[in-house]
Number of protein chains: 2
Amino acid sequence: METICKRFHFRIINNCIKRIIVVDKHKQSFDSFLKNFKKTVSNLGLKNSTQKDYILKILYFTDKHLSVEDIIKIAKQEYKIDMGIATVYRTVKFFEDLNIVKSLDIADKAKRYELNISLHHDHMICTSCNKILEFNDEIIEEQQKEVAKNNDFILNDHIMTIYGLCENCQ
Amino acid sequence: METICKRFHFRIINNCIKRIIVVDKHKQSFDSFLKNFKKTVSNLGLKNSTQKDYILKILYFTDKHLSVEDIIKIAKQEYKIDMGIATVYRTVKFFEDLNIVKSLDIADKAKRYELNISLHHDHMICTSCNKILEFNDEIIEEQQKEVAKNNDFILNDHIMTIYGLCENCQ
DNA sequence: ATGCATGCAAAGAGTTTGCACCTAA
DNA sequence: TTAGGTGCAAACTCTTTGCATGCAT
């Protein structure tokens, strides 16, 4: 059972959703996303910058979970732009505050960042090759609400990460 | 529906299990646990030390998730022992390798450690007061296996953390 | 013109490592 | 006796901050 969800560029396999980012197809939606973002920044009384734009663009057009160093490297290689590390840290933090970016802790290593504009999903991390797979499972989502309710806890967010061996590393 | 599981010092509420560590009751079981641990260390051709013993004891007799600094503080206050920070880092890492300790990443802060000798459980963290509640939910556990299976992933471990507001902070 | 944003470098926080000394076996 | 353990300090990695300058509005 496999369906392709064109709208969100997700492939749905047995209730699990893997994100497939098809860069070119996003082009148009990115432009409007960026425009919208810039407006939000203005409305907050803050200033736009090419750095913010590029960091957003880099996060938008990747299927990976990037560290701050990754972002700087991509900016340099793909866009021939040098960005100060402090700027990138400040910007991803700002994006987190705006709730358009989520951070992900991977054992021992630097924090990684990803855009938070698609469906909520969780992660499977291969402990051998460090590959990150994404999934979304309705039953787990529902059951979490149940658990929170039973503990008088107001659920705002959650992280779920499965560690193991991916197909190739077994 | 509420049962008390005396053996493991857990209270079971609506399928959710909260750990209640009753320190005194553990006394006897700790002694045998420690004995067993020391034997394991010997069998590995490694050496025991009072530092290892105390770190194990501190982790055993707490219901909190301790950072390395916490462990040093408790050692000093409760047991009048000074331990080098490097020793504590090395020891908790060693415990992790032995699979008797698990580490827990909390946003932005130092890693926290807990013993891994009881039932598997996950965490709910209050974003207001930082309190950590533990829970275990069979449906979620099962569904994770399902997800892993559907993605050709061999599940070894997982982390699940719910963020929200606890009863008191709402 | 104003005030937020940037980049650099220095400072901080958390963790690891080298080394001389100590101690369990 | 000797291999591993410990504590100190230095090193390292990741992240934050202060400040002069740059740039969007």
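Below, read A as the first sequence line, B as the second, and so on, with proteins coming before strands; counting in each chain starts at 1.
- Look at Ser49(B) and you won't find any side-chain N or O under 4.0 angstrom from OP1 or OP2 of dG5(D).
- Distance from the side chain of Met83(B) is smallest for dG7(D) among the nucleotides dG7(C), dG14(C), dG7(D).
- Between Ser42(B) and Ala86(B), it is Ala86(B) whose nearest contact on DNA chain C lies nearer the 5' terminus.
- Atom pair Leu44(B):CG and dG5(D):P shows a separation of 10 Å (rounding to whole Å applied).
- When the side-chain nitrogen and oxygen atoms of Lys111(A) are compared with OP1 and OP2 of dC14(D), none of them lie within a distance under 4.0 Å.
- Put simply, CZ on Phe95(B) is 13 Å from C1' on dG5(D), counting in whole angstrom units.
- Minimum interatomic distance between Lys111(A) and Asp105(A) (heavy atoms only, all atoms of both residues): CG-OD1, 3.8 Å.
- Taking atom CG of residue Asp82(A) and atom C1' of nucleotide dT6(C), one finds them 13 Å apart after rounding to whole Å.
- Side-chain atoms of Ser67(B) and Asp70(B) include a donor-acceptor pair closer than 3.5 Å.
- The distance between atom CG of Asp97(B) and atom P of dT16(C), rounded to the nearest whole Å, is 11 Å.
- Distances shown here put a side-chain N or O of Tyr89(B) below 4.0 Å from the OP1 or OP2 atom of dT15(C).
- One atom, NZ of Lys93(A), and another, P of dA5(C), lie 15 Å apart when rounded to the nearest Å.
- Rounded to an integer number of Å, the gap from CG of Asp105(B) to C1' of dC14(D) is 13 Å.
- In this entry the distance linking CD1 of Ile72(A) with P of dT15(D) reads 11 Å, nearest Å.
- A residue-by-residue look at Thr91(B) and Leu46(A) shows that Thr91(B) has its nearest nucleotide of DNA chain D further toward the 5' end.
- Within the structure, every side-chain polar atom (N or O) of Lys47(A) is placed at least 4.0 Å from both OP1 and OP2 of dC23(D).
- Cation-pi geometry between Lys52(B) and Phe94(B) is satisfied (NZ or CZ under 6.0 Å from the ring centre, within 45° of the ring normal).
- Note that Lys102(B) lies outside the cation-pi zone of Tyr113(B), set by a 6.0 Å cut-off to the ring centre and a 45° limit from the axis.
- Applying the 4.0 Å criterion to OP1 and OP2 of dA5(C), one finds that Thr87(A) has every side-chain N and O outside that range.
- The separation between Gln51(B) atom CD and dC22(C) atom P is 14 Å, rounded to whole Å.
- When distances run from any side-chain atom of Asn48(A) to the nucleotides dT6(D), dC8(C), dA24(D), the shortest one goes to dA24(D).
- A residue-by-residue look at Ile85(B) and Arg90(A) shows that Arg90(A) has its nearest nucleotide of DNA chain C further toward the 5' end.
- For NZ of Lys38(B), the number of neighbouring non-hydrogen atoms (other residues, nucleotides, ligands) closer than 6.0 Å is greater than 12.
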